[in-house]
Amino acid sequence: MGALDRILDVLPPPYTVEPGSVLHQMLDALALELDAYAEDLYRMQRTHWFDLAYRVSDLDRLAALVGARRLPWETLALFHDRVAALVAARLRGSVGPAAIRELVFTLVSRIEEDLGAVLVPGLPRVDENGAGEEGAVDRAYADDPGRPHWVPLRLVENPSRRVRSRALEERGGAVPYLFRWTDSNAGLDPAPVTVTVVGRSGGSTAIPLIANLTTGHAVGYAGVLPVGARLTIGPASGDGSGDASGNGGEGDGDQEGGEDARAARAVLDTGSGVHDVTDRVFSLSGFRLGVPFHLDGEGPGGPDRPGPLLPLQNRGANEWTYASGAVYGTPGLDATYLQMADETLREAVLDETAFDHALFPGGPRATVSLTWTEHEPAAFTVVVPHGIVALPVSLRASEDEVVAALASDVSELRAAGVRSRLELRPFIERQPQRSRVRLPWIRPPRQRASAGTRDELSTGARFGESAFGRSRLE
């Protein structure tokens, strides 16, 4: 219905019956102008209203107002849906978990629908009218007991990261007696530390003791590590065996630092097998240099009970040291020290250490590595399963380009100072293995013998020749 028909409908019939009347012709001329104006208005709406734009160039200009850029391979529908999802998330604040979860689900589902692709197998669907969208978002991030093989989307706040001691890595882990270094914990909470010690030649790695001087926590091994043997003191909740690099497994327990999270388990890999040696590992609380400790009872200076505990890495800087204290009943000749060194004792370094407070350098005594898990502050990670990806042949984009576009959109939804990251988790089947080296020579145990007895030469008795008491009758 044109403008003329709408005007004639509201006028009395006597004025509108005759088409040749002056009034009818005047209204016809006016209606023509109104129709032309309506057409111009409609065209303006189609070029300036986001939901009505039908040309890619017009949509590009509108999206540029919110900082969005169309990728070369994106279709008009996909670009429209992607920008609409970004704008909707920003209007809701775009920094809360709900807005981020909904945006990721919307982006992934719209990419699959508009391109006819499969990015996340089994992702819940939303119908054309948007019905069930809220429930679909919840299902997309939840485990489903009825679908045992379904891998949902994840939003991980304060994601964990595995950290190794950089100070030890810079020197290859080789530490001499009384070596000190500083590590920093940039996480939210104190973190239990997994300790790995590898024995060096000559039996020099005897009763190794690693102590955090900042927290007063120390852990040691009452024994001698053969050359190449790897001792891993890790969380009791994990396997404790560690990986080939001495990471000690992935589970470090709760980051709150309770005794349950710090419960330790120790394994010794000698190359010919892996043995549980937790009963030979001890831990100390309130450890201080220059103060002796004992392992034969309770009380001050005694080991933690009922079992060994992992040392804690406090937030911020932590000072560590390597020592080797003598333990009764454990062989450590020329490799241990009967007196616990004080704060001032160091290995001698020209123009650095003090006279009478330094030891002659004895070389590396062990190879040590420390690892712990930090919960990164002001950060979140979106985890998208990436086991099966199916893209249409007609699509000009590669899988990496589609993923890069998704990661770019996720990175924009964060508050100032917050780090966001997209993690693609492919299907992985792990077959753990360990490389072992067997030495080609045999090292016999240390020889032990009695101190001997005092024997004197005795002869047969002969009258007038042999001495009384030093001869025997024959």
Side-chain angles (χ1 to χ4, degrees), residues 156-175 178-198 208-221 230-243 245-267 278 281-289 291 293 303-304 307-324 343 366-379 419:
V156 182
E157 299 182 73
N158 303 122
S160 61
R161 58 186 177 190
R162 193 71 173 175
V163 183
R164 298 175 62 91
S165 172
R166 182 175 300 179
L168 293 177
E169 281 192 331
E170 290 176 351
R171 56 186 297 117
V175 295
L178 293 182
F179 175 73
R180 296 191 186 184
W181 70 95
T182 300
D183 285 325
S184 181
N185 177 8
L188 290 173
D189 308 294
V193 177
T194 297
V195 179
T196 302
V197 184
V198 180
L209 179 70
I210 295 90
N212 187 338
L213 301 179
T214 303
T215 62
H217 296 153
V219 64
Y221 173 70
R230 180 186 296 272
L231 171 69
T232 302
I233 307 174
S237 57
D239 58 5
S241 59
D243 54 21
S245 59
N247 280 349
E250 295 184 359
D252 273 316
D254 186 8
Q255 298 295 304
E256 296 297 330
E259 289 194 358
D260 292 340
R262 293 179 55 199
R265 175 175 177 259
V267 294
T278 307
V281 171
F282 60 92
S283 64
L284 306 169
S285 298
F287 173 84
R288 289 187 301 159
L289 290 175
V291 178
F293 62 89
D304 296 323
L309 302 177
L310 296 176
L312 278 181
Q313 181 90 286
N314 271 356
R315 295 187 63 188
N318 293 256
E319 185 179 6
W320 293 79
T321 187
Y322 173 83
S324 180
E343 290 282 350
T367 301
V368 181
S369 65
L370 303 182
T371 56
W372 63 93
T373 299
E374 298 176 355
H375 286 293
E376 187 177 1
R419 188 191 67 84

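- Counting non-hydrogen atoms of other residues, nucleotides and ligands closer than 6.0 Å to CZ of Arg166 gives a total of 12 or fewer.
- Among all heavy-atom pairs drawn from Pro192 and Ala261, the shortest one is CG-O, 4.1 Å.
- Residue Asn212 holds its CG atom at 4.5 Å from CH2 of Trp320, rounded to the nearest 0.5 Å.
- We find the NE2-CZ distance between His375 and Arg161 to be 11.0 Å, quoted to the nearest 0.5 Å.
- Side-chain contact check for Thr371 versus Ser165: every heavy-atom pair is 4.5 Å or farther apart.
- Residue Ser369 comes nearest to Leu168 through the heavy atom pair CA-CD1, 4.0 Å, listed as atom of the first residue, atom of the second, then distance.
- When all heavy atoms are compared, the tightest approach of Arg265 to Ala236 is CB-CA, 3.8 Å.
- How far CZ of Phe282 is from CD1 of Ile233: 9.0 Å, rounded to the nearest 0.5 Å.
- A donor-acceptor pair under 3.5 Å is formed between the side chain of Thr278 and the backbone N or O of Ala266.
- Judged by distance alone, with hydrogens and angles left aside, the side-chain atoms of Arg262 form no donor-acceptor pair with the main-chain N or O of Pro311 at under 3.5 Å.
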For this session: For Val368 and Phe179, run side chain to side chain contact (heavy atoms under 4.5 Å, CB included): C-alpha distance rounded to whole Å, both residues' side-chain angles, the deciding distance at 0.1 Å, then the answer.
Result: CA-CA 11 Å; Val368 181; Phe179 175 73; over 6 Å; no
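- Minimum heavy-atom separation, Ser184 to Glu374: O-OE2, 3.6 Å.
- Contact between Leu284 and Pro303 at its shortest, heavy atoms only, is CD2-CA, 3.8 Å.
- For the atom pair CH2 of Trp372 and CZ of Arg164, the computed distance is 10.0 Å after rounding to the nearest 0.5 Å.
- Checked against side chain to side chain contact (heavy atoms under 4.5 Å, CB included), Asp304 has the following partners two or more places apart in sequence or in another chain: Ser283, Ser285, Leu309.
- Side-chain atoms of Tyr221 and Val197, non-hydrogen and from C-beta on, never get closer than 4.5 Å to each other.
- The shortest side-chain heavy-atom distance between Thr373 and Arg162 falls under the 4.5 Å cut-off.
- With 3.5 Å as the limit, one finds a donor-acceptor pair spanning the side chains of Trp181 and Asp183.
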For this session: List the steps, then state whether side chain to side chain contact (heavy atoms under 4.5 Å, CB included) holds for Arg180 with Leu213.
Result: CA-CA 10 Å; Arg180 296 191 186 184; Leu213 301 179; 4.2 Å; yes
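- Note that OG1 of Thr196 and CD1 of Ile210 are 9.5 Å apart. Values are rounded to the nearest 0.5 Å.
- Contact between Pro190 and Asn185 at its shortest, heavy atoms only, is CA-ND2, 4.0 Å.
- Between Asn318 and the choices Leu370, Thr182, Thr215, the side-chain contact (heavy atoms from CB on, under 4.5 Å) rule is met once, by Thr215.
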